[in-house]
Structure formats: C-alpha cells, structure tokens
Amino acid sequence: MNAPASVDGGALLKVQELRKYFPVRGGILNRAVGWVQAVDDVDFDVSPGEVLGIVGESGCGKSTTARLLMHLIRADAGQIVFDGEPVRPDDAAALRALRRRMQMVFQDSYSSLNPRLPIEDTIMFGPKVHGVSAAQARERARELFALVGLDPAQFIRRYPHELSGGQRQRVNIARALALEPRLLILDEAVSALDKSVEAQVLNLLLTLRRELGLTYIFISHDLNVVQYMSDRVLVMYLGKVVEIGPTAEIYDYMQHPYTEALLSAMPSMDPDQRTETPPLTGDPPNPIDPPPGCRFHTRCRFAETVCHHAEPRLEPVAGNDAAAAGDHLVACHMRRAGSGHSGAPG
C-alpha cells in the first residue's frame, strides 16, 4: 500500500506523552501497593487517510492505548489532540463531539452488541443519542447495512445470536460508521474470524477507507495482516514505543532487536524456511516493576551497560530514505551507536 504524506502539522490525531498506570491494591485497607505501568509516555501521530498499525506482545499496552484514545478509561498524564483541538477529559460536551468523529470496533463481535436489541436498533442507537430523528436514524442504518454487505431486508430484525461472527463484525463496523466518524480504532477486529471471512472483512475495511476517506488505527497480533493493511507500523513493548516507521521500512529494515524478534516469529509458507530456534526467549518483565533503562535489555542479546541504566529515546535512524525524512524512529542505544544489529546495515 502507498503511504500518505508524512505526518507534520497536518496530523489528524496527535498523542503526546500518554500515560496510564493501574493500581494494584492489597492489604486490609485495600490500598495501592504497586502500579501496573500499562502505557508510559507514548507519542505518535496519525495523518488523515492513513492506516497506523500497532503491534506487540500481549500486555504491551496496545488495547489500553486504544481505550485511552476513546476516553473509555482516563489517562494519568499526556495530551491527545484531534483535528488540531486538544481533547479535554473534563469537558463532557467536547467528549461527546469527539465520539462522533472517533469510533472503535472491538475484538469480541458478540459481547460488544446488545443481545436484546435487533441489529437495526443497535445501529440506530448512536445517531438517536446524538439528536438524529428516529426516521433519519433508520434510513441511515439501512444505508449502512448495504454499505457493509448485508441485505437490509434479510437482516434488520435479526438479533446478534442469529448472526455468524463475520456478520456480527460487519454490524459492529456499520454501528461505528453510523455517526460518520473520521477515525476508526480497530482493536483486533478480525482476529476471531475464520481466514476466509477475515479476508472479506479486511477488503471491506479497505474499500470503506477509500470510499469514505477514513483513517484507521489498526491493532492486531497478526503481523501479516498488519503488513497488508498499514501505511505505518508502531511497535510497543511493555508500555513503550520502541520503533515506528513506514510499513516497508519496519518489515524490511527493522532497527530494534525486539522488532527483529517479533517479525522473525512470522510463519512462512516456505517449508524450507523453518524456525529452528525461538527468536526471543523468556517472558516480558513484570509491568509492576519494569527494569530500569531500556525495558527490553533483560531479553536483548545486544544489551550493554548503558542499556541497563539509561532509557533510550525515539530518534531517527540513519541509512535509508525514511530515516532521512525523519519517518523511521527507534528507541535503542545500540542502534544509535551504529552497531548495525538489526535488519538494516549499520
């Protein structure tokens, strides 16, 4: 896929130093005895019309980041700027307006639908809450049925349990589109689907992006799907962004050793290309007490003394066009030192 123009001042979404720690409570008084550092000073931009893929191991903070963007949970620190306007969590009217322009599709297509509502009423609910008349909301719902590939005459009065997983996810996409948003956050939106249905839904999303001018944040464990869908890829590890750049740069010239290990785990269709040794061993450190310095140093074969004490910052890498444009960033002391440990030459 062709990436849009580089994100500069025209970013649709700008996230700065986003942070969320969850308390771990214990004792007789149920006091906080520790903090899970789920998202820690995360920064990224998303351009209009772009698809930003977010990848990383389970527990790295991908879904928490998505919920922070939607203000389903409140951030401890940081700023979110949408379409040039800072989002103020205490301004209920501003949040209401934001949710017309930013919607989310969840992983579990069944639990994210009301089992007691026919799916037409589910799609109508959002517009009606935002002041659209019932007649207009019904007309919009039937337009969306056709847009996502469902026959209105056949499906409007069905309940969620009467639909397949792929049909339910199409309903969730239609519901997210009911308020005509500019940005969709897709949190593992196809991971529970059969591969043939997954391909249909992915192609639907690309068609909707093209026809409606949508912007996506696409979160997935499936690295092949992320490569297919995304213009840029953001890699997270233990609540931190360790690398971000154009998809081709990340997959062909990965710079962070964690990104290298993550992509090495992708299954190959070639029987001669077998993974004989695991690209990465051990579990991630405890997010309640992450290691100092680079959080990946406990599993990194390139770690040096500086990695144990100093936290690396996201900085442009050298040696390719994307890096020259400032679009490929990596948080790694050894890469900046020119060790050339990853996929690109040092």
Side-chain angles (χ1 to χ4, degrees), residues 11-15 46-52 63 65-74 80-114 116-150 152 155-156 158 160 163 167-190 201 204-219:
L12 176 64
L13 177 71
K14 184 181 287 289
V15 177
V46 186
S47 290
E50 181 182 33
V51 180
L52 176 68
S63 293
T65 299
R67 283 159 175 75
L68 289 171
L69 296 178
M70 287 297 302
H71 287 80
L72 299 179
I73 53 179
R74 185 160 182 168
I80 299 171
V81 179
F82 187 85
D83 203 15
E85 294 291 331
V87 179
R88 298 176 177 84
D90 296 323
D91 190 337
L95 285 181
R96 182 184 176 93
L98 175 71
R99 289 180 178 137
R100 290 189 66 112
R101 300 181 292 165
M102 184 190 302
Q103 285 286 306
M104 187 167 175
V105 179
F106 297 89
Q107 176 178 1
D108 191 333
S109 63
Y110 186 77
S111 64
S112 56
L113 295 173
N114 188 333
R116 300 184 179 182
L117 281 183
I119 57 176
E120 180 185 36
D121 294 353
T122 294
I123 298 175
M124 291 172 56
F125 183 80
K128 288 171 67 177
V129 166
H130 284 266
V132 177
S133 69
Q136 290 176 316
R138 181 170 289 105
E139 181 181 358
R140 174 67 175 160
R142 298 190 180 196
E143 290 175 355
L144 289 168
F145 271 110
L147 192 64
V148 299
L150 297 174
F155 287 96
I156 55 174
R158 290 194 184 184
L163 305 179
Q167 290 168 345
R168 284 196 297 267
Q169 203 61 301
R170 288 173 186 265
V171 172
N172 280 305
I173 293 170
R175 179 180 60 178
L177 295 175
L179 294 171
E180 301 182 6
R182 297 186 62 189
L183 173 66
L184 281 189
I185 301 173
L186 302 155
D187 186 11
E188 300 282 1
V190 297
V201 174
L204 170 65
L205 290 170
L206 292 177
T207 300
L208 293 173
R209 175 202 182 191
R210 182 176 63 251
E211 293 181 353
L212 302 180
L214 295 171
T215 302
Y216 294 152
I217 294 177
F218 189 86
I219 299 170

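Bear in mind that the values here come from a model prediction, so they are computed numbers and not experimental data. Just the heavy atoms: all of them, side chains too, but no hydrogens, waters or symmetry mates, feed the values below.
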With sequence neighbours left out, write down each residue that passes side chain to side chain donor-acceptor pair (under 3.5 Å) with Glu188, or none if nothing qualifies. His221
So does Arg116 pair up with Asp121, basic N to acidic O under 4.0 Å? no
Check whether any side-chain heavy atom of Ile119 lies under 4.5 Å from a side-chain heavy atom of Ile156, and answer yes or no. no
Do Thr122 and Asn114 pair up side chain to side chain, a donor and an acceptor below 3.5 Å, judged on atom types alone? no
Taking the side chain from Tyr216 and the backbone from Leu205, do they hold a donor-acceptor pair closer than 3.5 Å? yes
Between Arg175 (side chain) and Ile123 (backbone), is there a donor-acceptor pair under 3.5 Å? no
Where the side chain of Arg170 meets the backbone of Val148, is there a donor-acceptor pair that is under 3.5 Å apart? yes
Heavy-atom check, side chain of Leu147 versus side chain of Leu212, under 4.5 Å: yes
Tell me which pairs pass side chain to side chain donor-acceptor pair (under 3.5 Å) where either residue lies in residues 128-137, with sequence neighbours left out. Ser133-Gln136
Does Asp187 reach the side chain of Gln107, with side-chain heavy atoms less than 4.5 Å apart? no
Residue pair Leu69 / Val87, side-chain heavy-atom distance below 4.5 Å: no
So, is the end of the Arg142 side chain (NZ or CZ) under 6.0 Å from the ring centre of Phe145 and within 45° of the ring's axis? no
Does Thr215 use its side chain to pair, donor to acceptor, with the backbone of Leu183 at less than 3.5 Å? no
Side-chain heavy atoms of Leu163 within contact of Leu150, under 4.5 Å: no
So, the side chain of Glu143 versus the backbone of Arg138: is there a donor-acceptor pair under 3.5 Å, distance only? no
Does the side-chain contact (heavy atoms from CB on, under 4.5 Å) test come out yes or no for Ile217 and Leu13, once each step is laid out? CA-CA 10 Å; Ile217 294 177; Leu13 177 71; 3.7 Å; yes
Could you check whether any side-chain N or O of Arg99 sits under 3.5 Å from a backbone N or O of His71, counting only pairs where one atom can act as donor and the other as acceptor? yes
Roughly how far, to the nearest 0.5 Å, is the CZ atom of Arg101 from the CG atom of Asp83? 5.5 Å
Close side-chain approach of Leu12 and Phe82, heavy atoms under 4.5 Å: yes
Not counting sequence neighbours, which residues clear side chain to side chain donor-acceptor pair (under 3.5 Å) with Arg140? List them please. none
When you compare the side chain of Glu120 with that of Arg158, does any pair of heavy atoms fall below 4.5 Å? no
Determine, stepwise, if the pair Asn172 / Ser112 fulfils side chain to side chain donor-acceptor pair (under 3.5 Å). CA-CA 8 Å; Asn172 280 305; Ser112 56; 3.3 Å; yes
Rounded at 0.5 Å granularity, tell me how far CD in Gln169 sits from CG in Leu204. 10.5 Å
Within a strict 4.5 Å, meaning less than it, do heavy atoms of the Pro181 and Met102 side chains meet? no
